[in-house]
Each structure stands twice: as C-alpha cells, then as structure tokens.
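Data block below; observations after.
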Amino acid sequence: FFFFFFDFFFFFFVKKSNTMLGKNVIYLILDLKCSDIFYIGYTTDCMATRWRNHKSHIKKSIKSCELASHFINLASSTHKLDKSSPTQFTLDLKEHLSIVLIECVSPQAGLDIEATLKEREDYWQGALKSTPLFGGINKTF
C-alpha cells in the first residue's frame, strides 16, 4: 500500500492477503469528509466482521469507539447518512470512509496475540500521530 499523510510518505507492506478476510490485523480508516481525520484499530476477527461492527455502531448510534463517536457527534452536519435501508446506509458510508489494512500481525515471543496487536496498534497510532495531541481521534497510544 502507498499512503500519503501530511508531509511524509508512508509505505505499508502487508505480508498476507490484504482482503477483508484477514485476521489479526492493524487497520486504518480514513474519514473522506473530514480533512486529516483517521482512526487506527486492530482486530483478532476477520476485518469484514470488524467492519460490520463499526457500521452497526455508527448506524445505531452506539459510541463504542472513537470512530463511532466521531460519526455520531457529526451526524447532523458532516456525516449525514441515509439509514432508511441497509443498502443505502452502506453506500453512503462508503462515500465517507475508506479502509486500509496496514499490518498483519503474528504473536511475539512471550505475548499473546491480543497483547501483540495492542502493542502494534500503539506503535501505528504514535507513528501516524492519530491521537488528540496531534488532532486525531484515537484516545491513547
């Protein structure tokens, strides 16, 4: 993957398939409507399952993570989404968000996969400056 952000070039190399079926991945979700806003997360499930969770929480206004909270807080302005049907909601959401898988993770020696994923998520949040200190929406790194 190639991703341009602010004044830097970042190159992402994903060792495994970059499909939505990948498990144990670190991902970045770009907000296509809000300039310079993105969310970095991880999942032990396949990415398609995690994406369905994000969509569901945004649609049902459940503030389960910073991404959902961001969309809910801007639902009456920047992120107006048609929730009348699942198909229309998904189409609208695709105009607002883009997903990039940035790393497939294997457990590190002495750590379980969850701890390894959290460590890598923290790394990417710091490297890409996705926390409020830098104007991002991820809470901590």
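We count residues from 1, following the sequence as given. Below, all heavy atoms of this structure are taken into account, side chains as well, without hydrogens, waters or symmetry copies.
- Here the CZ atom belonging to Arg120 is positioned 10.0 Å from the CG atom belonging to Leu117, to the nearest 0.5 angstrom.
- Residues Val100 and Val105 share a hydrophobic cluster, clusters being chains of Ile/Leu/Val/Met/Phe/Trp/Tyr side chains in contact below 4.5 Å.
- No side-chain donor-acceptor contact under 3.5 Å links Asp31 and His96.
- Under the 6.0 Å cut-off for aromatic ring centres, Tyr39 and His54 qualify, their centroids lying closer than that.
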- [ ] In sequence, state the C-alpha distance, the side-chain angles, and the governing distance for Thr43 and Lys23, and then conclude on side-chain hydrogen bond (donor to acceptor under 3.5 Å, both in side chains).
- [x] CA-CA 7 Å; Thr43 184; Lys23 290 186 176 188; over 6 Å; no
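- The main-chain N or O of Asn138 is never found under 3.5 Å from a side-chain atom of Glu66 such that the two would form a donor-acceptor pair.
- Between the side chains of Thr90 and Lys55, a donor-acceptor pair is found at a separation under 3.5 Å.
- The distance from atom CG of Leu81 to atom CG of Leu74, rounded to the nearest 0.5 Å, is 10.5 Å.
- Put simply, the side chain of Glu114 reaches to within 4.5 Å of the side chain of Tyr42, judged on heavy atoms.
- When all heavy atoms of His70 and Cys34 are compared, the closest pair comes out as NE2-SG, 3.6 Å.
- Side-chain N or O atoms of Asp92 include one that pairs as donor or acceptor with a backbone N or O of Asp82 at under 3.5 Å.
- Considering CD1 of Ile99 and CD1 of Ile29, their distance stands at 5.0 Å, rounded to 0.5 Å.
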- [ ] Could you walk me through whether Glu103 and Tyr123 pass the side-chain hydrogen bond (donor to acceptor under 3.5 Å, both in side chains) test, one step at a time?
- [x] CA-CA 11 Å; Glu103 185 177 3; Tyr123 165 79; over 6 Å; no
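- Between Leu111 atom CG and Lys118 atom NZ the span is 13.5 Å, to the nearest 0.5 Å.
- Atom-to-atom distance recorded for Leu97:CG and Phe38:CZ is 13.5 Å, nearest 0.5 angstrom.
- Nearest heavy atom pair, residue Ala68 against residue His57, reads CB-CB, 4.2 Å.
- One N or O on the side chain of Ser69 and one on the backbone of Cys65 form a donor-acceptor pair closer than 3.5 Å.
- In this structure the side chain of Gln88 never reaches within 4.5 angstrom of the side chain of Lys83, judged on heavy atoms.
- In this structure, Lys139 and Thr131 have side chains that are not in contact, with every pair of non-hydrogen atoms separated by 4.5 Å or more.
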TODO: Please assess Tyr27 against Arg50 for the test side-chain hydrogen bond (donor to acceptor under 3.5 Å, both in side chains), listing each intermediate value before the final yes or no.
DONE: CA-CA 10 Å; Tyr27 61 90; Arg50 184 66 186 112; 3.2 Å; yes
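- With rounding to the nearest 0.5 angstrom, the NZ atom of Lys80 is 9.5 Å from the OG1 atom of Thr78.
- Shortest non-hydrogen contact noted between Ile40 and Ser130 is CD1-OG, 3.8 Å.
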TODO: For the pair Ile58 and His79, evaluate side chain to side chain contact (heavy atoms under 4.5 Å, CB included) and give the outcome as yes or no after the intermediate values.
DONE: CA-CA 10 Å; Ile58 292 168; His79 292 302; over 6 Å; no
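- Under the 4.5 Å side-chain heavy-atom criterion for ILVMFWY residues, a single connected hydrophobic cluster contains both Leu32 and Ile102.
- Of all the heavy atoms in Cys104 and Val25, the pair that sits closest is SG-CG1, 3.9 Å.
- Criterion: ILVMFWY side-chain heavy atoms under 4.5 Å apart, direct or through other members. Under it, Ile72 and Leu93 are not part of a common hydrophobic cluster.
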